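Quantities reported herein were computed from a predicted structural model and do not represent experimental measurements. Each chain gets a letter, A, B and so on, in the order the sequences are listed, and its residues count up from 1.
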Amino acid sequence: MTGILNVATNSLLVYQRMLATIGHNISNANNASYSKQNTILSTQEPQRLGPFYIGSGVTIDSIIRSFDMAATHGLRSATSNFYDADVMQTYMNAIDNLLGNDTVGLNKSMNSFFSSLNMASANPTDISARNQFLNDATLLTKDFNRISASLDQIKDDVKQEMKLVSYQINDLTKQIADINKVLLNNTNPSPDLLDKRDALILELSKKANIHVVDRGDGMINVSLGQSQSLILGSEFIPLTTSTNYSDPSKLDISINIKDKTMPISDTITGGRLAGLIYVQDKLIDEMKSQLGVIALSISDAINHQHKEGMDLDGNLGINFFNDINDVSLSKMRSISSTGNLGNAELSVDIENINQLSGSDYYIQANSPTNFTVTNLKSKQVTNHTAFPVNLDGLSIQLTSGSMSAGDSFTIKPSVSASAHIAMNISNARQLAFASPIRSQASPNNNGTGQLNYEGITDIDSNLFTLVPGQLSPPLKIVFLSPSSYQLVNTNDSSVIEGPISYSASTNHVVFPTPGTYDPGIRFNLTGVPNAGDEFSILYNQNGIIDNRNALKMMEVQSKKLLNQGTTSLMDQSATLIADVGTKTNQANTVKDMNEILLHQYEEKRSSAVGVNLEEEGARLLEVQQAYKAAAEVINVGINLFDIILNTVQHR
Amino acid sequence: MRISSSQMYQNAINTLLQQQAQINELSNKMSHGKKVEKPSDDPIAATKIINLKKELANIDNYLRNGEIVTEKLSLQEIHLNEITNILQRVRELHIQASNDTLSSSNRVAIQHEVKEQLQALLSIANSKDANGNYLYAGFQSQVVPYQKSANGSYIYQGDSGQRELRISSAITIPMSNTAQDIFANYKQGNGYFKVSSNAIPNVGTAVVSEAIVNDPGQYISDNYTINFVTNGQGELAYEVIGNASGLLIPTSPSISPQDAPKYIEGQAINFNGIHLKIEGEPVAGDSFLINPSEGENIFNSLHKMMDYLAAPFSSSSQKANIQNQANQVLQEIDAALANVSNIRTGLGIRLNSVETAKDLNDGLILHNKSALSALEDLDLTDAVIKLNAATAALQASQLSFTKVQNLSIFNYL
């Protein structure tokens, strides 16, 4: 009799527990990291009665959580991929906005530069037009500087975030290791604690791509990728950040082993860290390099042309922008690795913009006189024994010291150019819009001959440099007959060369002469001159309203200055914009794709282990019914007891 | 399939967020009216937009340049008109002065007017623009183009530079001519040679009435002297000697003066491509010099005119001498007029090119702007339709979400 009561009260207790668990499930219906818990029942130890076993009711075997290994693992890697893509997308869109915004974009500044150059060229002596041009040129340099600074700012933000994320990772790995300690050899682990650990691991997979191994003793090991351990049971290995060995502007994620810092950035291929490392290592530098090429080409081409001009005061033009091969800029292009043993310092001059490959280079010394140069884009390696190394339009020089075996250098030709482009001239009178030479036909010429100016090929020739402000010597072409002429030094009337034959039917370029006299200027002769006709070539003294050089400066806009004469300044900036646009689109697509995958895995996990309220409601009714039934059993037991008592009383 | 309750909510929320983001982007674009705001909106369109904007900026420059060129050339055209008028007036004065019954005071009056006209021409040659630059000095905009020098002659001080501006992608056009082009682009006399009397004035009254080059192919440039001599028959005869060519008339082996041909008034004299007629009565010992023409300018030509207008004009030999000078000056005035007319023609051609380029550029602007608009401007109708569709989809999601979330077993417990 007591058996029935025992069984029934036991059941009631069990059902109360089950109701509590259902209640727990219902309370956590909206807890994303919660796994639905189930009460597992088993029968009580039966009682032996003679040859029989009589059941003695129900007991709780265990309370376990639902778990889906595949969904959990899948969710972790989907999470890593998504947060990698998320970082990429965030920063790519920042760059997209930076370069694309119409009103602040670089292209607008370049258009203004050439428009106000045009206006100034229409009135070369108008100081206000000159100042306007100078002003627009300054704004253009500031635009380059600003965009470069914004990209640097992004890089700084990224570095800050790398530090922050590595702290967060340490915090997470420490918590997981602590939970590991509690769970060690615990045969009946708390489902909530397991959930807590899984939630921490999921959080960790947002930061980096991790790999989780169950040790079988209740603890887990976690590694970065497949190789680099982060958690070994109850121990965790903290991450730090360190300055990159070959490029001090970059951070590495690293670990400390016996006081030695070991960079492990290479093992990180997922999570926020992977995105951050990519943005810092590749993206920003790539954008800055492309921008730098534009800055370099406009500086170089405008400087070159400007130096072939003459300013309002009759002086030859000087550099318009700062010299691209200024000593400090040339040195900046080579970065010595921090661990170099030798004291070599390199500098890199850009000799020919047209031949730039757009790549960075890596120099590795095998000995002081034996080193390799690797093109980091094409991976092409060349062997060298001495400096200077002339390669792809660059001249790499050893400025001081010498290399030791194992030393390395990174050559970045254009990455810093946009940050450092600046005006060299500040006075509007220095704008060299005129050409320093002019030709003059004698008024007594009888023929139809014309001497036409083509341009200057060497502004550093003796013709210009020997005595400033005049030609050394001024020249005269004197026709002896319609088909021959002499080249005469105007100063002393001595014949430099001649007779030189001339024919109106062929394009006759005067220099270099058949006798290879080349003063660094180009003229062509047309028409039919008569004997005695003269043309003089003289310094363009007082030729202040001349705009020939300004017109040539304007041609820089459409000249094919880059990539072996295939790409103009404007093409290059359009390429940059297209590149940014395409990369941003790609980043958006990759993020969207990974978001869908992430949602799929979240759904998969959630449908396996999440709480369904309808289900819990039904279970609630089920247990409620069972509870009622168990209570009824007690009632029946008591009734039976009463019947027996009554029978005894009435006897 | 089993689904967790939170997932049901999460899915609904995800859908709602996604639809909201879509509506937000659409309405953003509608408020800016642009479909390409950043490169990522359409990378290919973005690069095309950059190129089109550069093109438009360039064409704007060309149009502005065209206006500047037109303004300068129009001013020059006014000047050329004025120069033509002045030269024509001078030509009239020249004809008036050739009447040998004029009193010397009349001649002085004419001389005064020529002087005034010369000053008027000079002020045109030396005119300045608003910035104080001489218009016609070539590149030497701070150098006075023409000034009377100490010896009384006028020499161009500027250079031959012509400032050019680009008025279309293919054409640059000179903005001005130099004063040398306008005032000096001709030669003394008939353009090949000039005729003058010896330093000692002729005593006779011979006048060179015709002096031309019939066949430029035959013409040999040299310094010639025509001497009037008495020949072997005691007649008044002439000989022609070239500095380099030697004795030309009488032709070798004849010798001069014995064999020199008789002077016959008005009879043609031809040698080395030169064709002359001499009228009047020379005397033996008179001579004419024929020298290759040098470059000349209007100011010097007019100055010569002023000089002979002021010279004594009474004896027949004085009159003949002056007539010879006047004939040369008239040729030069005509050459100057022809030159100015040439320059005006060239100017007209340039103005036409500017006009043609302007039409072309206007067309290009229209074309590029519509291309630009097609690339970057939002099609509003399309956008409104898309926005409506997105809004409807969001409303449907909201409705289905509220319906579904009402279905709960707990409503019946």
Requested in this report: Go through the steps for N97(A) and E37(B) under the test side-chain contact (heavy atoms from CB on, under 4.5 Å), then give the verdict.
Outcome: CA-CA 9 Å; N97(A) 279 323; E37(B) 289 190 287; over 6 Å; no

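Distance check, rounded to the nearest 0.5 Å: CG of L99(A) to OG of S40(B) gives 11.0 Å. Separating the OG atom in S4(B) from the CG atom in N612(A) is a distance of 7.5 Å, to the nearest 0.5 Å.
Within the 4.5 Å cutoff, side-chain heavy atoms of L551(A) are placed close to those of E164(B). Counting only heavy atoms from C-beta outward, the side chains of D42(B) and N585(A) never approach each other to under 4.5 Å. With a 4.5 Å cut-off on side-chain heavy atoms, N123(A) and N133(B) do not count as touching. Two residues are said to be in side-chain contact when any heavy atoms from C-beta on lie closer than 4.5 Å; M570(A) and I50(B) fail this criterion. Contact of the L620(A) side chain with the F410(B) side chain is registered, since non-hydrogen atoms from C-beta on lie closer than 4.5 Å. In this structure, R166(B) and M554(A) have side chains that are not in contact, with every pair of non-hydrogen atoms separated by 4.5 Å or more. Using a 4.5 Å heavy-atom cutoff, the side chains of R163(B) and I545(A) are in contact.
Looking at D546(A), its side chain never comes within 3.5 Å of a backbone N or O of F139(B) through a donor-acceptor pair. Side chain of N542(A) to backbone of Q140(B): no donor-acceptor contact under 3.5 angstrom is found. With hydrogens and angles disregarded, a donor-acceptor distance shorter than 3.5 Å links the side chain of E614(A) to the backbone of I409(B). With Q7(B) contributing its side chain and S607(A) its backbone, the two residues share no donor-acceptor pair below 3.5 Å.
Note on I577(A), N118(A), L621(A): by heavy-atom pairs under 4.5 Å with chain B, the leading option is N118(A). Most heavy-atom pairs under 4.5 Å with chain B, from the set Q440(A), E595(A), E602(A): that is Q440(A). In terms of heavy-atom pairs under 4.5 angstrom with chain B, the leader among T582(A), T584(A), V580(A), I544(A) is I544(A). Between chain A and the options Q10(B), E296(B), Q142(B), K48(B), the largest number of non-hydrogen pairs under 4.5 Å is found for Q142(B). Between chain A and the residues K54(B), M175(B), E294(B), the largest count of heavy-atom pairs under 4.5 Å involves K54(B). Here N540(A) is the residue among N30(A), D126(A), N540(A) with the most heavy-atom pairs under 4.5 Å with chain B. Among S293(B), G138(B), G295(B), the residue making the largest number of heavy-atom pairs under 4.5 Å with chain A is G295(B). Counting heavy-atom pairs under 4.5 Å between each of A618(A), A550(A), P124(A) and chain B puts P124(A) at the top. Most heavy-atom pairs under 4.5 Å with chain A, from the set D129(B), N51(B), L165(B): that is L165(B). Comparing S408(B), G161(B), G132(B) by heavy-atom pairs within less than 4.5 Å of chain A, the highest count is held by S408(B). Chain A forms the most heavy-atom pairs under 4.5 Å with one residue out of D60(B), N11(B), D41(B), I44(B), and that residue is N11(B). No other option in S115(A), A574(A), A32(A) has as many heavy-atom pairs under 4.5 Å with chain B as S115(A).
The two residues A578(A) and P43(B) make their nearest non-hydrogen contact at O-CB, 3.7 Å. Scanning both residues, S439(A) and S160(B), for their nearest heavy atoms gives O-OG, 3.2 Å. When all heavy atoms of K187(B) and N444(A) are compared, the closest pair comes out as CE-O, 3.9 Å.
With a 4.5 angstrom heavy-atom cutoff, N445(A) touches chain B only via backbone atoms. Heavy atoms of N131(B) lying under 4.5 Å from chain A belong exclusively to its side chain. In this structure, chain B has a heavy atom under 4.5 Å from the backbone of A608(A), while its side chain stays farther away. For a residue to count as touching a neighbouring chain, one of its non-hydrogen atoms must lie under 4.5 Å from one of that chain's; by this rule M8(B) does not touch chain A. Contact annotation for I68(B): only side-chain heavy atoms (C-beta onward) come within less than 4.5 Å of a heavy atom of chain A. Proximity to chain A is absent for every atom of N185(B), based on heavy atoms less than 4.5 angstrom apart. Residue I95(A) does not touch chain B at all, counting heavy-atom pairs closer than 4.5 Å. For K72(B), the part lying under 4.5 angstrom from a heavy atom of chain A is the side chain only. For L56(B), no part sits under 4.5 Å from any heavy atom of chain A, backbone or side chain. Residue K583(A) does not touch chain B at all, counting heavy-atom pairs closer than 4.5 Å. Heavy atoms of Q180(B) lying under 4.5 Å from chain A belong exclusively to its side chain. Within the 4.5 angstrom heavy-atom criterion, only side-chain atoms of M119(A), from C-beta onward, approach chain B.
The pair E615(A)-R2(B) meets the salt-bridge criterion, since a charged nitrogen lies less than 4.0 angstrom from a carboxylate oxygen.
In this structure, Y601(A) places its OH atom where only 12 or fewer heavy-atom neighbours from other residues, nucleotides or ligands lie under 6.0 Å away.
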